[in-house]
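For reference, the structure is listed below as structure tokens.
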Amino acid sequence: MSKKSTLTHHLSSDEPRVLVVDGSRVVRRLIEQMLKSNLPGVTVLACESGAEAMAQLSEGVVDFVTTALRLPDMDGLELARQIRENSPQAYMPIVVVSGDVQERLVTRSLTEDVTDYFDKSLGFQALAEFIRGYVQPTESTPGEVLYVEDSRVVALATRRMLEKHGLTVLHVISVEDALAMLETAQSMDRIGADIVLTDVNLKGELTGGDLLERIRHQLGYGKGHLPVIVMTGDDNPDNQAALLGAGANDLVEKPIDERLLVTKLLFQLRVGRHMRARVSAAES
């Protein structure tokens, strides 16, 4: 698979690829059997160690990662950190599957590198259903999209496209307007949107890359708290990888393909919702 297709053209709902990392061969086999029974077309990549998992990730895209907390060569949280730092692909869910996750939550020792957790005591059938909710979601998911686009013609077409799928679109024409909206919401202890969709090249002084930088660093929202999808006309894989490295959850290449955009947007919206719900539960 080419680097370009890895970055922009993979659809998570088409024959999902799930990486299962666990030191127990029995557990790996049980998870694989349950996933294949519940997810038609799924490919399960079973790995015993963190090193094996990282090698597997270098071979192609993965839609979902499950990892035990304790692996033969590293902690599952260390594996999550390495994936975030080294994977060239878009943001993927990484879920810890363990019997002692609750203790980690209480001590606040689960990091933002982990998207969610799953209590192994609930059973592998429940785990399969949990993963299906991420990689094969329903066709529509309600949510608010902060959409930054300075072309009114493009904005009107895209807005209609998104609203057709049940989304509420908050359209602004500049990064400055988007930041003002997000800053106002933050002052009221709100995020202001469920997901941000922005073009890279805009007519104002600030670009989509500037918006991305300020969301991640000035406002302090991680990828799981406020997902950002960037639309770009630049098909250079290195430039696309730089946007992902700067904090974009995913990219959509222009001209926009409706199915690709909507699938990626709904997927990242769901990831963000799970993350915020997890953080809220941990704090309550």
Side-chain angles (χ1 to χ4, degrees), residues 1 5-6 10-105 109-138 224 263 267-268 270-271 274-275 277-278 281:
M1 181 174 295
S5 63
T6 297
H10 181 66
L11 278 172
S12 60
S13 58
D14 292 347
E15 300 182 347
R17 291 162 56 85
V18 178
L19 180 66
V20 175
V21 192
D22 197 293
S24 166
R25 180 185 301 177
V26 173
V27 170
R28 295 197 304 274
R29 185 172 299 167
L30 284 171
I31 294 177
E32 179 173 5
Q33 290 173 347
M34 201 56 64
L35 287 175
K36 288 185 174 179
S37 297
N38 286 270
L39 283 168
V42 69
T43 296
V44 178
L45 309 168
C47 297
E48 179 180 5
S49 67
E52 188 180 341
M54 293 303 298
Q56 184 67 66
L57 282 165
S58 70
E59 297 298 317
V61 294
V62 171
D63 300 297
F64 195 99
V65 178
T66 76
T67 179
L69 272 175
R70 296 178 178 85
L71 299 171
D73 57 345
M74 67 179 71
D75 186 277
L77 301 185
E78 171 62 18
L79 172 61
R81 185 188 66 78
Q82 288 193 25
I83 291 174
R84 297 294 184 219
E85 290 184 354
N86 297 293
S87 175
Q89 75 177 84
Y91 185 83
M92 76 197 85
I94 301 175
V95 171
V96 168
V97 180
S98 178
D100 63 350
V101 169
Q102 189 58 40
E103 181 181 339
R104 297 280 190 123
L105 284 172
S109 58
L110 281 181
T111 69
E112 192 182 73
D113 296 324
V114 175
T115 307
D116 214 331
Y117 68 92
F118 185 85
D119 188 341
K120 191 184 293 185
S121 67
L122 296 175
F124 293 121
Q125 174 66 44
L127 174 62
E129 294 172 359
F130 180 81
I131 294 174
R132 183 172 57 192
Y134 274 100
V135 299
Q136 290 187 339
T138 56
T263 299
F267 179 67
Q268 294 297 342
R270 185 169 285 101
V271 169
H274 275 281
M275 173 66 86
R278 195 202 86 190

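Not measured: the values here are computed from a predicted model. Values below: every heavy atom of this structure, side chains too, minus hydrogens, waters and symmetry copies.
- For the residue pair Gln125 and Asn38, a side-chain donor N or O sits within less than 3.5 Å of a side-chain acceptor on the partner.
- Side-chain N or O atoms of Arg17 include one that pairs as donor or acceptor with a backbone N or O of Val61 at under 3.5 Å.
- The side-chain heavy atoms of Met54 and Asn86, taken from C-beta on, include a pair separated by under 4.5 Å.
- Residues Ile83 and Met92 are in side-chain contact: their nearest non-hydrogen atoms beyond the backbone lie under 4.5 Å apart.
- From Leu39, atom CG reaches atom CG of Asp63 across 10.0 Å, with rounding to the nearest 0.5 Å.
- Nearest heavy atoms, Pro40 versus Pro16: O-CD, 4.4 Å.
- The pair Glu85-Arg81 meets the salt-bridge criterion, with a side-chain N (NZ, NE, NH1 or NH2) lying under 4.0 Å from an Asp/Glu carboxylate O.
- Leu35 approaches Ala128 most closely through the heavy-atom pair CD2-CA, 4.0 Å.
- Using cut-offs of 30° and 60° for the angle between ring planes, the Phe130 and Phe64 rings count as perpendicular.
- Taking CG of Leu19 as the reference point, atom OG1 of Thr43 lies at 12.0 Å (rounded to 0.5 Å).
- Residues Cys47 and Ala53 share a closest heavy-atom pair of SG-CA, 3.8 Å.
- Using a 4.5 Å heavy-atom threshold, the side chains of Asp113 and Leu77 count as separate.
- Looking at Leu71 and Ser49, their side chains never come closer than 4.5 Å, going by heavy atoms from C-beta outward.
- Two residues are said to be in side-chain contact when any heavy atoms from C-beta on lie closer than 4.5 Å; Arg84 and Ile94 meet this criterion.
- The closest side-chain donor-acceptor pair between Glu52 and Gln56, if any, does not fall under 3.5 angstrom.
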Exercise. For side chain to side chain contact (heavy atoms under 4.5 Å, CB included), just list the numbers for Val97 and Asp22, CA-CA rounded to whole Å, side-chain angles, deciding distance to a tenth of an Å, and then say yes or no.
Key: CA-CA 9 Å; Val97 180; Asp22 197 293; 6.0 Å; no
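- Side chain of Asp73 to main chain of Gly50: a donor-acceptor pair is present (N/O by atom type, distance under 3.5 Å, no hydrogens or angles).
- Judged by distance alone, with hydrogens and angles left aside, the side-chain atoms of Arg28 form no donor-acceptor pair with the main-chain N or O of Ala46 at under 3.5 Å.
- By the 4.5 Å heavy-atom criterion applied to side chains, Glu32 and Val20 are not counted as neighbours.
- Between Ile31 and Val44, the closest side-chain pair of non-hydrogen atoms is not below 4.5 Å.
- Side-chain contact between Val62 and Leu57: present, with at least one pair of heavy atoms (C-beta onward) separated by less than 4.5 Å.
- Once rounded to the nearest 0.5 Å, the distance linking CZ of Phe118 with OG1 of Thr66 reads 10.5 Å.
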